[in-house]
There are 4 protein chains.
Amino acid sequence: MAHNDPQCKPLTRAQQQRRSDIVRAALKVFDRDGFEGARIEDVAREAEIAKGTVYLYFPNKQALLEGVVHEVISPEVDEVERTALDPQLSPGERLRRQIKIIGARLGSGDMKIILRLMMGEGPKNEELRKFYYHEVVERGMAAISQCLADGVRTGEFVKSADKIEPQVFAGTPLLAAVWGILFDDLAPLDVNKLLESHCEQLLTGLERR
Amino acid sequence: MAHNDPQCKPLTRAQQQRRSDIVRAALKVFDRDGFEGARIEDVAREAEIAKGTVYLYFPNKQALLEGVVHEVISPEVDEVERTALDPQLSPGERLRRQIKIIGARLGSGDMKIILRLMMGEGPKNEELRKFYYHEVVERGMAAISQCLADGVRTGEFVKSADKIEPQVFAGTPLLAAVWGILFDDLAPLDVNKLLESHCEQLLTGLERR
Amino acid sequence: MAHNDPQCKPLTRAQQQRRSDIVRAALKVFDRDGFEGARIEDVAREAEIAKGTVYLYFPNKQALLEGVVHEVISPEVDEVERTALDPQLSPGERLRRQIKIIGARLGSGDMKIILRLMMGEGPKNEELRKFYYHEVVERGMAAISQCLADGVRTGEFVKSADKIEPQVFAGTPLLAAVWGILFDDLAPLDVNKLLESHCEQLLTGLERR
Amino acid sequence: MAHNDPQCKPLTRAQQQRRSDIVRAALKVFDRDGFEGARIEDVAREAEIAKGTVYLYFPNKQALLEGVVHEVISPEVDEVERTALDPQLSPGERLRRQIKIIGARLGSGDMKIILRLMMGEGPKNEELRKFYYHEVVERGMAAISQCLADGVRTGEFVKSADKIEPQVFAGTPLLAAVWGILFDDLAPLDVNKLLESHCEQLLTGLERR
DNA sequence: GATGAATGAGGGTTCATTCAT
DNA sequence: GATGAATGAACCCTCATTCAT
């Protein structure tokens, strides 16, 4: 059958649904047990199908991981871009939103799991790394850079603002996500307040007057 | 024999050396294959000893992981604190140094591996999480907070500076480290320049005048 | 799958057959190598299945042992009771038969292997001990005691006969079994003759006139 | 060094002591864990020596087992024969004593352990089987037969008494020993009473008038 | 002789993957 | 297509045995 192979016949709607069920199940199990620790049988049970059925949709465990990463990321990034690019807002406001959304997305739910999977499996899987880089990082960085450039153009930001590496803005959202993965039980973090504070500090130095 | 058990007789110098060799070997193999993917046999081969010998020093693979984390972290943190706490420097200068060192340490060599291991195994291993939190995160955060408080006291920083969450300062160093793990082959990052820029942005909003 | 777990779905006929094949194979290998010396791989080869398949039917080696003991014992005991309880026979005759059958069963084939396994693993495994005691020993002792009581009631035996410990009657059959395990190549024993003689001696003192 | 090899120099007194210590330690550990389950290291610890030292006295684990069996059996058998062969007693009395002593010896302490070891390892080790047969079984059977023959000669027993297989007399003592190994916690057995009863039954049919 | 660190073959168990039904 | 029993490679860990000190 399918295997997400472009050669193959496109999936019927029901098959797409099933594929998606498997991905959701896998995401849950990967979150609980990590990628290596996850058993295909558990994924199948979680998806309420037989173990063999997983292999009708993904040729092997690696491909399942890739499927999970792809399927989770696309809608997330779309939403980030859609939400953040409101042309009615000033560049500064857009930048604040951007950062908040990146923080909220990275740190909550599915993307946090993906982040963890990336850290574990990325180094062994170039396709994963590339995909994540181009779909998430590059687009996120570009969106931030765009805000900076816009701000300079409108005069809201100081001239040098578009020289700033966008990574400076993304660091705290990433930290919040990592904190959520590792330390939330030891020292819960008020992510919103942190991101607010982060924006405040950075924008203070950016805005003219 | 030993097992790093405080109950046991202290290790001889030769034994400490061997234990350390095993830890170095494990670090290398964990880096290459991840924790779950690492085979004890490979660790042994890397350390140029027999498989069984590993078990003379660590009761199981988990303990080896913990040994690695402990042994790597302690000297790193010591060095960070030692380097950063030069009392001759102004609080602002100390803060810059702090961030640079955190970035350099997190992002280079052993601590990067530890970070990756933490992301993979931390969620399954509370002891690991706690250790890392108390030894690395808490101390790092405290050092940053200290700089902020000192700066306020000396009048170098604005009054509100000590209200800022130290995590704001640590985000970019963390991002640099994660970038180094995942994307350096796709888009190399000039970490020093990034951290410089990061300091610039943050301190601009912090310093009076 | 199954694991003989009462929680699980009942096994299909084919699965029962396979489970039984594994038990037979294990019995053979346990007999040849002892329990600890037996390798699961050998059991699998003997059953003409893959090593992993054994674990579809038994969660571990201990459980396989217990499975073997249970599966072998039940039909044996049933047969002993069935054969021995012919109500047409006099108590004395029933007692003779009983002893002969115990001797024959204990000493031949599967029960001899079980006896040997019990001696080796029983001390470490209470469930095994309990099972063997209740299924084999207790029922065997009860059957003998019943004969004695019946004989007293019918007047065939002297009054005091039902005070005799049934173990007195079971000793020689046990000895015959142990002898068969250990010394048959050194000094073959005519079990039938021995049991005959044993009955003769004991019944002489029991029967009135 | 020695290895109990007749080729080697005879052991010094201190060495004999140490060898004996190891045997006692091994007996204890074999009892607790069975032969296969016993670890040489535990034997060494029990004997309060280093693991390697065991190998100075026994070439391997099998030899240690043989050493244990040999060392335990000899004095036991000697004592049985010595105690039982009191020429002052009548053959009937000697037979009673014999049975009681066999029961007491087999069932208590070291010989019970040996019995269990024999059941487990005997089938794999002909030397062990032969040794036990010749040293224990054969001598025990001979002693019983001797009593029977003597009793016939003195007229105490019926003529046919020396046709009876001595195994008939040894069964109950063996059963008592096996019971002690397996079922004493489930249903304690009054061994003395049982053996008394056993003698009663058998001798009643043996003695003239 | 005594020690105990080192060795490495061996075996129980897991689980990704296959394939007959 | 869906199933889940079967497969067997892989890997952690144990422990009898060796040998340098």
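Convention: sequence-line order gives letters A, B, ...; per-chain numbering from 1. Hydrogens, waters and symmetry mates are skipped; everything else that's a heavy atom, side chains included, is used.
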Is any NZ, NE, NH1 or NH2 atom of the basic residue among D42(C) and R45(C) found under 4.0 Å from an Asp or Glu carboxylate oxygen of the other? yes
For K130(B), does the NZ atom sit with more than 12 other heavy atoms under 6.0 Å from it, leaving out its own atoms? no
Would you please classify the geometry between the F35(D) ring and the F30(D) ring as parallel, tilted or perpendicular, with 30° and 60° separating the classes? perpendicular
Under 3.5 Å: donor-acceptor pair, side chain of S20(C), backbone of Q16(C): no
Just how far, in rounded Å, is C1' of dA5(E) from CG of D21(B)? 15 Å
Compare side-chain N and O positions of R18(D) against OP1 and OP2 of dG1(E) and report whether any pair is under 4.0 Å apart. no
Flag the pair L27(C) / R24(C) as yes when at least one side-chain heavy-atom distance between them is below 4.5 Å, and no otherwise. yes
Measure the distance from CD on Q17(B) to P on dA5(E) and round it to the nearest whole Å. 17 Å
Within the 4.0 Å heavy-atom criterion, would you say R45(D) contacts the bases, only the backbone, or no part of the nucleic acid? nothing
Heavy atoms, side chains only, cut-off 4.5 Å: are L64(C) and Y57(C) in contact? no
Separation of atom CD in Q15(B) from atom C1' in dA5(E), rounded to whole Å: 8 Å
E48(C) CD - dT7(F) P separation (whole Å): 11 Å
Spacing of D42(A) atom CG relative to dT14(E) atom P, expressed in whole Å: 13 Å
dT7(E): pairing nucleotide in any strand, Watson-Crick or G-U under 3.5 angstrom: dA16(F)
Can you check the R19(C) CZ to dA5(F) P distance for me, whole Å? 15 Å
To the nearest angstrom, how far is F30(B) atom CZ from dC12(F) atom P? 9 Å
Determine which pairs satisfy salt bridge (Lys or Arg N to Asp or Glu O under 4.0 Å) with at least one residue from residues 52-73 of chain C, sequence neighbours left out, and list them in order. R19(C)-E71(C)
Using whole Å, what does the distance between atom P of nucleotide dT7(F) and atom CD1 of I49(C) come to? 7 Å
Under 3.5 Å on both distances, the Watson-Crick or G-U partner of dA10(F): dT13(E)
At under 4.0 Å between heavy atoms, which parts of nucleotides 16-21 of chain E does protein reach? Answer with one letter per nucleotide, 5' to 3': B base, S sugar-phosphate only, - none. SBB---
